[in-house]
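Everything numeric in this text was worked out from a predicted model, so none of it was measured.
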Amino acid sequence: MCAAQNPPKLDRASALFVDLDGTLIELASRPELVRIPSKLPALLARLDEALSGALAVVSGRPLKELDRLLEPWKGAAAGVHGSERRRTEGTLERAKGGRSARALARLRPRLEAFAARDPGLFVEDKETALALHYRAAPRLESEICAWARRLSRKSAASLRVIEGDRVVEFAAPFPHKGSAIEAFLAEPPFRGRLPVFLGDDESDEDGFAAVNRLRGISIRVGPLAETRAPFALPSVAAALLWLEALF
């Protein structure tokens, strides 16, 4: 379905989960070139306080990148699609590599060789995931996606392909954003609250599915698209305005 409904207003009994790129900040040609709205760290801090700590950023970026971008805010967060997770009180949990780590090690040189074919391509190595970015080479989208799907079929037990906005990412099948949200909800201060998740692309669909199962509120940010989320906000700017008006 395509999300079309405006999201409802939340109360302080909610547990709020937010993606970052494409949801709270505009995408850039390379991940390191994004611009953080000057008001964003303070907005996260205010929401965190209003929700008594039941706010988490759930992103494809590593935690160290989230902390650098959102400084001085440093609250609960899940990085690399849930493979690393920091609880509200600061303790860390990291997924074990195992078969997926070995599959990524085999894939890394092939991905780098593919990216070397065109200056508009580059590989982002997140250690527990690999992302091939082609925002500067959109003409190659169909070729890249077909190639990524072929690789995925050969290693489906060890890796999955996540097709984002001008990026394809290879990551472990589990954990994912949905399992990260469920893990937070099993712990205080998230436990017993209504889950709400804002995301913008294919990598967030696992989170939408988890929140829907729990009868929460899932919100797709950006242009209309096929999604599991029943609610929508049309842009990053609209998402920020909605969050600013919550409490």
Side-chain angles (χ1 to χ4, degrees), residues 1-27 37 40 43-44 46-48 50-61 75-79 81-82 85 145 160-169 171 173-187 189-247:
M1 67 176 179
C2 287
Q5 301 182 65
N6 292 326
K9 186 173 175 60
L10 308 184
D11 61 31
R12 294 172 187 256
S14 304
L16 182 59
F17 303 95
V18 290
D19 176 43
L20 184 62
D21 294 84
T23 300
L24 300 185
I25 62 175
E26 300 288 355
L27 298 171
L40 181 57
L43 172 61
L44 291 175
R46 182 168 66 80
L47 293 171
D48 204 347
L51 295 168
S52 302
L55 165 72
V57 174
V58 181
S59 172
R61 287 183 184 263
H81 308 290
R85 191 170 66 90
C145 290
R160 64 170 179 153
V161 172
I162 305 167
E163 296 182 21
D165 191 338
R166 302 293 193 270
V167 60
V168 290
E169 191 158 359
F174 189 90
H176 47 64
K177 289 186 178 181
S179 62
I181 288 172
E182 289 172 339
F184 279 123
L185 289 168
E187 303 165 349
F190 299 90
R191 185 188 295 138
R193 290 172 173 257
L194 177 77
V196 181
F197 178 45
L198 280 73
D200 74 298
D201 65 13
E202 180 65 29
S203 70
D204 299 306
E205 292 294 327
D206 291 317
F208 296 152
V211 167
N212 292 347
R213 283 195 300 272
L214 296 167
R215 299 188 178 183
I217 299 170
S218 54
I219 305 164
R220 173 90 177 216
V221 176
L224 289 179
E226 287 295 317
T227 180
R228 295 182 176 95
F231 299 100
L233 291 164
S235 64
V236 169
L240 291 173
L241 285 173
W242 184 78
L243 290 170
E244 288 170 355
L246 284 182
F247 310 115

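- Between Pro195 and Leu214, the shortest heavy-atom distance links the atoms CG-CB, 4.0 Å.
- By the side-chain contact (heavy atoms from CB on, under 4.5 Å) test, Pro8 pairs with Ile217, Phe231, sequence neighbours left out.
- Nearest heavy-atom pair across Ser218 and Asn212 is OG-OD1, 2.7 Å.
- Listed here is the closest heavy atom pair of Pro173 and His176: O-CD2, 3.7 Å.
- Between the side chain of Arg12 and the main chain of Leu51, no donor-acceptor pair closer than 3.5 Å is present.
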Which pairs of donor and acceptor atoms, one on a side chain in residues 15-25, lie under 3.5 Å apart (sequence neighbours left out)?
unit_1, atom_1, unit_2, atom_2, d
Asp19, OD1, Lys177, NZ, 3.2
Asp19, OD2, Thr23, OG1, 3.0
Asp21, OD1, Arg61, NE, 2.7
Asp21, OD2, Arg61, NE, 3.4
Asp21, OD2, Arg61, NH2, 2.9
Thr23, OG1, Asp200, N, 3.4
Thr23, OG1, Asp200, OD1, 3.4

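- The list of side chain to side chain donor-acceptor pair (under 3.5 Å) pairs with a residue in residues 232-247, not counting sequence neighbours, reads Lys39-Glu244.
- Across every non-hydrogen atom of Arg85 and Ala180, the tightest pair is CD-O, 4.0 Å.
- The heavy-atom pair separating Ala239 from Leu198 by the smallest distance is CB-CD2, 4.3 Å.
- For Arg166, the salt bridge (Lys or Arg N to Asp or Glu O under 4.0 Å) criterion is met by Glu141, not counting sequence neighbours.
- By the salt bridge (Lys or Arg N to Asp or Glu O under 4.0 Å) test, Asp206 pairs with Arg160, sequence neighbours left out.
- Within the structure, the ring pair (Phe, Tyr, Trp, His ring centres under 6.0 Å) test picks out the following pairs touching residues 208-228 (sequence neighbours left out): Phe197-Phe208.
- Residues passing the side-chain hydrogen bond (donor to acceptor under 3.5 Å, both in side chains) test with Asp11, sequence neighbours excluded: none.
- With sequence neighbours excluded, the residues forming a side-chain contact (heavy atoms from CB on, under 4.5 Å) with Ala209 are Arg213, Arg228, listed by chain and number.
- Rounding to the nearest 0.5 Å places OG of Ser203 at 6.0 Å from CD1 of Ile162.
- Note that the CG atom of Leu55 and the CG atom of Leu243 stand 9.0 Å from one another [nearest 0.5 Å].
- Smallest separation of non-hydrogen atoms from Arg220 and Glu205: NH1-OE2, 3.1 Å.
- One finds the CZ atom of Phe190 at 12.0 Å from the OG atom of Ser14 (value rounded to the nearest 0.5 Å).
- Here CG of Leu233 is found 12.0 Å from CD of Gln5. Values are rounded to the nearest 0.5 Å.
- Contacts of Val161 classified as side-chain contact (heavy atoms from CB on, under 4.5 Å), with partners at least two apart in sequence or in another chain: Ala148, Ser152, Glu163, Val168, Phe170.
- Applying the salt bridge (Lys or Arg N to Asp or Glu O under 4.0 Å) test to residues at least two apart or on different chains, none of the pairs has a partner in residues 51-60.
- Looking at residues two or more places apart in sequence or on another chain, you find no ring-ring contact (aromatic ring centres under 6.0 Å, His included) involving Phe247.
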